[in-house]
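Below you'll find the structure, written out as structure tokens, and then a few comments.
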There are 2 protein chains.
Amino acid sequence: MSKNPKIDALSKFEWTIMNELWELENASARDIIDALPENSQRAYTTIQTYLERLVEKGYLSKKKAGNVNLYQTVIPRDEIVDGATNSFIERVFQGSGSSLAAYLIKNKQLRKDDLEQIRQILEEGDDDA
Amino acid sequence: MSKNPKIDALSKFEWTIMNELWELENASARDIIDALPENSQRAYTTIQTYLERLVEKGYLSKKKAGNVNLYQTVIPRDEIVDGATNSFIERVFQGSGSSLAAYLIKNKQLRKDDLEQIRQILEEGDDDA
DNA sequence: ATTCGTCTCCTACTTATGTAGTAATTTAGC
DNA sequence: GCTAAATTACTACATAAGTAGGAGACGAAT
């Protein structure tokens with residue numbers, strides 16, 4: 001049932017944690033810490049707090065394995081990415097996805113090789129989409 | 001000098017306000033309220049609070065015109081959009097702009113005609129980028 | 001001049017986010 | 001069996017974000 005969390009509601013550092021969880025699947029606080037890059041390190045208990053809060057919010061499930069708590073994502077990453085992206089587009093590009101795309105292409109985000117990559121996706125997806 | 005605000009730090013409703021300001025240029029609290037859509041209405045003083053906080057943060061300047069405060073954006077929208085987009089890509093698409101682009105293309109955001117539009121941009125920008 | 005509406009300024013309260021300490025518990029070594 | 005390291009559970013505190021009320025000033029209408 002997982003109290004239907006408001007999609008998009010992840011904060012910056014929550015994203016950091018969640019990204020690890022989606023990667024690791026079923027990890028302990030220690031696992032998370034070990035996986036986090038230097039600049040994302042926090043006190044052990046800080047990580048625990050995030051984990052617990054994410055459980056409360058319905059993003060993670062928790063189960064005990066011996067004495068250790070293991071956490072696991074409840075919602076597929078795609079779904080969260082989708083919500084976050086929609087919300088972002090809404091705010092920043094007044095709801096226009098193509099506007100974002102145009103921005104990406106025109107501004108420094110995409111380089112020559114990226115364009116090539118995207119063109120390839122276009123080539124493939126275009127005919128049967 | 002405007003105390004160099006952390007780019008990207010705008011919250012959801014701050015975006016709503018700022019979007020109006022970029023549109024209106026130099027507006028009063030009343031102007032903002034009148035411009036906001038139904039579902040973004042708040043108490044008059046709530047809007048005022050947002051405006052004042054945005055001034056503190058260095059996003060807006062304020063000047064009195066008679067008895068009324070007029071607010072004006074300090075930073076061009078493009079710049080803020082840029083910071084927000086970078087930060088978003090960092091979090092959600094692990095820093096890969098092309099990954100976002102691919103997502104946009106593959107998932108519901110872009111339809112056939114959008115693709116055409118983007119392809120045109122690609123055609124043009126490709127050779128001299 | 002008194003009143004009404006509007007606006008500013010200041011204050012306040014709630015929930016969320018960021019961050020972490022402490023006490024108690026567990027377990028792995030000696 | 002006792003100690004050290006790791007972990008959990010609980011508590012705490014600061015700042016940000018969200019939302020708004022009240023007091024007082026000011027200008028317009030009467």
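So that the names make sense, note that chain A is the first sequence line, chain B the second, and so on, each numbered from 1. Bear in mind the structure is a predicted one, so any value in this text is a computation, not a measurement.
Residues that satisfy the side chain to side chain contact (heavy atoms under 4.5 Å, CB included) test with A/Asn67, not counting sequence neighbours, are absent from this structure. By the salt bridge (Lys or Arg N to Asp or Glu O under 4.0 Å) test, A/Glu14 is found to be paired with A/Lys57, residues two or more places apart in sequence or in another chain being considered. B/Pro37 meets the side chain to side chain contact (heavy atoms under 4.5 Å, CB included) test with B/Glu20, B/Asn39, B/Ser40; sequence neighbours excluded. Residues passing the side chain to side chain donor-acceptor pair (under 3.5 Å) test with A/Ser96 are A/Ser98, sequence neighbours excluded. For the side chain to side chain contact (heavy atoms under 4.5 Å, CB included) test, residues two or more places apart in sequence or in another chain that qualify with B/Thr73 are B/Met18, B/Leu21, B/Trp22, B/Leu60. Shown here are the side chain to side chain contact (heavy atoms under 4.5 Å, CB included) partners of A/Glu23, two or more places apart in sequence or in another chain: there are none. In this structure A/Lys63 satisfies the side chain to side chain donor-acceptor pair (under 3.5 Å) test together with A/Asn26, sequence neighbours excluded.
From the 5' end on, the contacts that DNA chain D makes with chain A at under 4.0 Å to a non-hydrogen atom open and close at D/dT7 to D/dA12. On the nucleic acid side, DNA chain C has its first and last nucleotide under 4.0 Å of a heavy atom of chain B at C/dC7 to C/dA12, going 5' to 3'.
Side-chain contact check for B/Asp82 and B/Thr85: no donor-acceptor pair (N or O, by modelled atom type) lies under 3.5 Å. Counting only N and O atoms by type, the side chains of B/Arg91 and A/Asn19 include no donor and acceptor under 3.5 Å apart.
In the hydrophobic clustering of this structure, B/Leu70 does not group with B/Tyr44; members are Ile, Leu, Val, Met, Phe, Trp, Tyr whose side-chain heavy atoms approach within less than 4.5 Å, directly or through other members.
For residues 21-43 of chain A, proximity to DNA chain C is found at A/Arg42, A/Ala43, defined as any non-hydrogen atom under 4.0 angstrom from a strand atom. Near DNA chain C, meaning a heavy atom under 4.0 Å from it, residues 60-73 of chain B has B/Lys62, B/Lys64, B/Asn67, B/Val68, B/Asn69 in order of number.
Residue A/Glu52 is the one, among A/Glu52 and B/Thr46, whose nearest nucleotide of DNA chain D lies closer to the 5' end (criterion: closest heavy atom). Comparing B/Thr45 and B/Arg53 along DNA chain C, the residue whose closest nucleotide (by nearest heavy atom) sits nearer the 5' end is B/Thr45.
Applying the salt bridge (charged side-chain N to carboxylate O under 4.0 Å, His left out) test to every pair with at least one member in residues 38-54 of chain A, sequence neighbours left out, gives these pairs: A/Glu52-A/Lys62.
Between B/Val81 and A/Phe93 there is a side-chain heavy-atom pair separated by less than 4.5 Å.
Using a distance-only test at 3.5 Å, with no hydrogens or angles considered, no donor-acceptor pair links the side chain of A/Thr45 to the main chain of A/Gln48.
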